[in-house]
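Just the heavy atoms: all of them, side chains too, but no hydrogens, waters or symmetry mates, feed the values below.
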Amino acid sequence: MGGKLRDLRETRKISGRTFASLAGWKSASQVSMIENGQRTISARHVRLWCSICGAPKRRMEELLQEQAAVARMWVPYEQLNRGGLEAAQKSIRQQYEELALARSYQPKVFPGMVQTEAYTRAALTGVIVEQAVETDDPDGEVARAVAERMDRQRLLSRSDARWFFLLEEPVLWYRPYSRDVHREQLRYLLRVRRRPNVFSGIIPVEADRRAVHPEEAFDITDGHLVTVELVSGYLSVTQPAEVALYVAAWNRLWSLAETGEAATRRIRAALARLDGQDGV
């Protein structure tokens with residue numbers, strides 16, 4: 001975004017110092033900071049650059065649309081959780097109610113839509129600490145968020161939607177919570193895979209990946225939205241070219257997956273190991 005504003009200015013051969021003077025700023029450093037991405041670019045900045053540089057109205061509208069998309073891309077967890085965990089869960093409910101095709105790739109944990117209540121409760125209890133959620137009632141906060149997540153899972157029965165879940169095999173073995181919680185989660189995964197509109201794949205640890213490396217966890221909603229949960233916040237990707245990169249990554253990863261009975265055997269093997277050893 002900053003680079004595009006700089007291109008506007010340089011195309012009109014306006015120096016940073018002259019631009020600052022026209023904008024009523026004391027120093028050109030503010031121009032440099034905005035164009036180099038060191039300050040958040042607002043719609044006001046876009047209008048200012050377009051006005052001073054004499055950009056056509058159509059170009060200004062294009063840049064304003066892009067700025068709005070960029071502003072929505074990144075939400076820090078502090079902002080997402082400001083209204084509490086339940087509100088954060090509800091904030092994404094609509095996209096699950098309206099989607100026709102959901103694709104979820106997970107290299108570390110079970111996807112939220114196929115988590116058991118106990119697994120979800122343990123995960124969200126960790127979120128309270130990891131994301132420093134401010135609350136006077138952590139138990140109640142978690143309980144309400146778990147209830148919302150469990151209610152959302154009823155959408156898996158939508159006949160007009162298809163749900164694809166792709167897991168790296170280590171997800172079956174990682175045990176961040178108790179043995180009982182993990183055992184129940186594996187058994188639930190076996191059950192939910194029987195739904196006619198739910199499709200799941202497991203990428204074996206011994207797969208010949210041929211440079212298809214594990215990626216960060218991501219979800220693709222239809223063909224227009226990719227969401228990524230990172231350590232510090234929630235990323236939403238909507239630019240078509242960027243969404244296409246994630247779709248291509250999904251296709252590469254899915255090509256490595258075992259499905260059907262082969263995937264079932266992987267899950268049962270994880271269950272057998274869990275029941276036969278002290279640790280996973």
Side-chain angles (χ1 to χ4, degrees), residues 72 75-106 108-167 171-172 174-200 217-222 225 227-236 267:
R72 292 191 299 269
V75 181
Y77 287 128
E78 180 184 4
Q79 178 181 337
L80 182 66
N81 296 326
R82 194 165 291 160
L85 292 184
E86 181 187 15
Q89 293 293 318
K90 287 183 175 179
S91 69
I92 58 175
R93 176 66 177 258
Q94 185 175 354
Q95 74 183 50
Y96 286 88
E97 293 175 335
E98 297 177 351
L99 62 81
L101 173 63
R103 287 169 283 186
S104 179
Y105 166 72
Q106 274 291 351
K108 299 176 183 177
V109 300
F110 291 94
M113 286 295 283
V114 295
Q115 290 178 6
T116 64
E117 183 173 342
Y119 192 99
T120 299
R121 183 179 298 105
L124 292 179
T125 298
V127 165
I128 290 283
V129 177
E130 294 164 9
Q131 298 178 12
V133 178
E134 295 185 5
T135 175
D136 296 327
D137 180 21
D139 292 339
E141 190 78 40
V142 169
R144 290 187 293 272
V146 170
E148 169 60 26
R149 175 80 68 81
M150 294 300 101
D151 186 64
R152 188 200 307 161
Q153 284 190 8
R154 295 190 298 111
L155 298 173
L156 287 175
S157 62
R158 286 180 51 204
S159 60
D160 59 341
R162 291 179 300 154
W163 310 83
F164 286 78
F165 300 101
L166 178 58
L167 282 65
V171 173
L172 306 178
Y174 293 148
R175 183 158 58 83
Y177 312 119
S178 74
R179 180 186 301 276
D180 289 341
V181 167
H182 195 77
R183 181 185 294 108
E184 181 189 25
Q185 179 61 64
L186 289 169
R187 289 174 175 168
Y188 181 67
L189 183 60
L190 287 172
R191 293 198 302 274
V192 77
R193 293 178 68 245
R194 301 191 190 112
R195 292 173 178 260
N197 60 335
V198 173
F199 308 89
S200 60
F218 62 86
D219 291 88
I220 306 174
T221 301
D222 294 319
L225 171 67
T227 53
V228 186
E229 293 189 49
L230 301 175
V231 172
S232 58
Y234 194 78
L235 178 68
S236 298
I267 300 170

Can you tell me how far the CZ atom of Arg158 sits from the CD atom of Glu98, to the nearest 0.5 Å? 8.5 Å
Around Glu78, counting heavy atoms of other residues, nucleotides and ligands shown, do more than 12 lie under 6.0 Å from its CD? no
Could you check whether any side-chain heavy atom of Leu167 comes within less than 4.5 Å of a side-chain heavy atom of Ser200, counting everything from C-beta outward? no
Can you name the closest pair of heavy atoms from Ile128 and Pro138 and give their distance? CG2-CB, 4.5 Å
Of all heavy-atom pairs between Val142 and Leu124, which one has the smallest distance, and what is that distance? CG2-O, 4.0 Å
Decide yes or no for Ser236 and Leu225: does some side-chain heavy atom of the first lie under 4.5 Å from some side-chain heavy atom of the second? yes
Output all residues satisfying ring-ring contact (aromatic ring centres under 6.0 Å, His included) with Phe218, sequence neighbours left out; order by chain, then residue number. Tyr105, Tyr246
Side chain to side chain, Arg93 and Leu155, heavy atoms closer than 4.5 Å: yes
Roughly how far, to the nearest 0.5 Å, is the CE atom of Met150 from the CZ atom of Arg121? 8.5 Å
Give, for atom CG of Asp151 and atom CD of Gln89, the distance between the pair rounded to the nearest 0.5 Å. 11.5 Å
Rounding to 0.5 Å, atoms OG1 (Thr116) and CG (Asp180) come to a distance of 11.0 Å
Is the closest basic N to carboxylate O distance between Glu148 and Arg144 below 4.0 Å? no
Taking Gln131 for its side chain and Gly233 for its backbone only, find out whether a donor-acceptor pair lies under 3.5 Å. no
Starting at CZ of Arg152, measure out to CD of Gln95 and round the result to the nearest 0.5 Å. 8.0 Å
Quick one: closest heavy-atom pair of Val171 and Gln106, and the distance? CG2-O, 3.5 Å
Between Thr125 and Tyr177, is there a side-chain heavy-atom distance shorter than 4.5 Å? no
Evaluate the side-chain proximity of Arg193 to Val114: yes if any heavy-atom separation is below 4.5 Å, no if none is. no
Aromatic ring pairing Trp163/Tyr96, orientation class (parallel under 30°, perpendicular over 60°, tilted between): parallel
For the student: nearest non-hydrogen atoms of Leu99 and Asp222, plus distance: CA-OD2, 3.5 Å
Verdict with reasoning, Glu184 to Arg187, per side-chain contact (heavy atoms from CB on, under 4.5 Å): CA-CA 5 Å; Glu184 181 189 25; Arg187 289 174 175 168; 5.8 Å; no
Side-chain heavy atoms of Phe110 within contact of His182, under 4.5 Å: yes
Can you confirm whether Glu134 is buried at CD, in the sense that more than 12 heavy atoms of other residues, nucleotides or ligands lie under 6.0 Å from that atom? no
Does the side chain of Val109 reach to within under 4.5 Å of the side chain of Tyr119, using non-hydrogen atoms? yes
If you look at every heavy atom in Val181 and Ala118, which pair is closest and at what distance? CG2-CB, 4.1 Å
Exercise: identify the closest heavy-atom pair between Glu141 and Leu85: OE2-N, 2.7 Å
When rounded to the nearest 0.5 angstrom, what distance separates CG in Leu80 from CD in Glu229? 8.5 Å
For the backbone of Leu230 and the side chain of Tyr77, can you confirm whether one donor and one acceptor N or O come within less than 3.5 Å of each other? yes
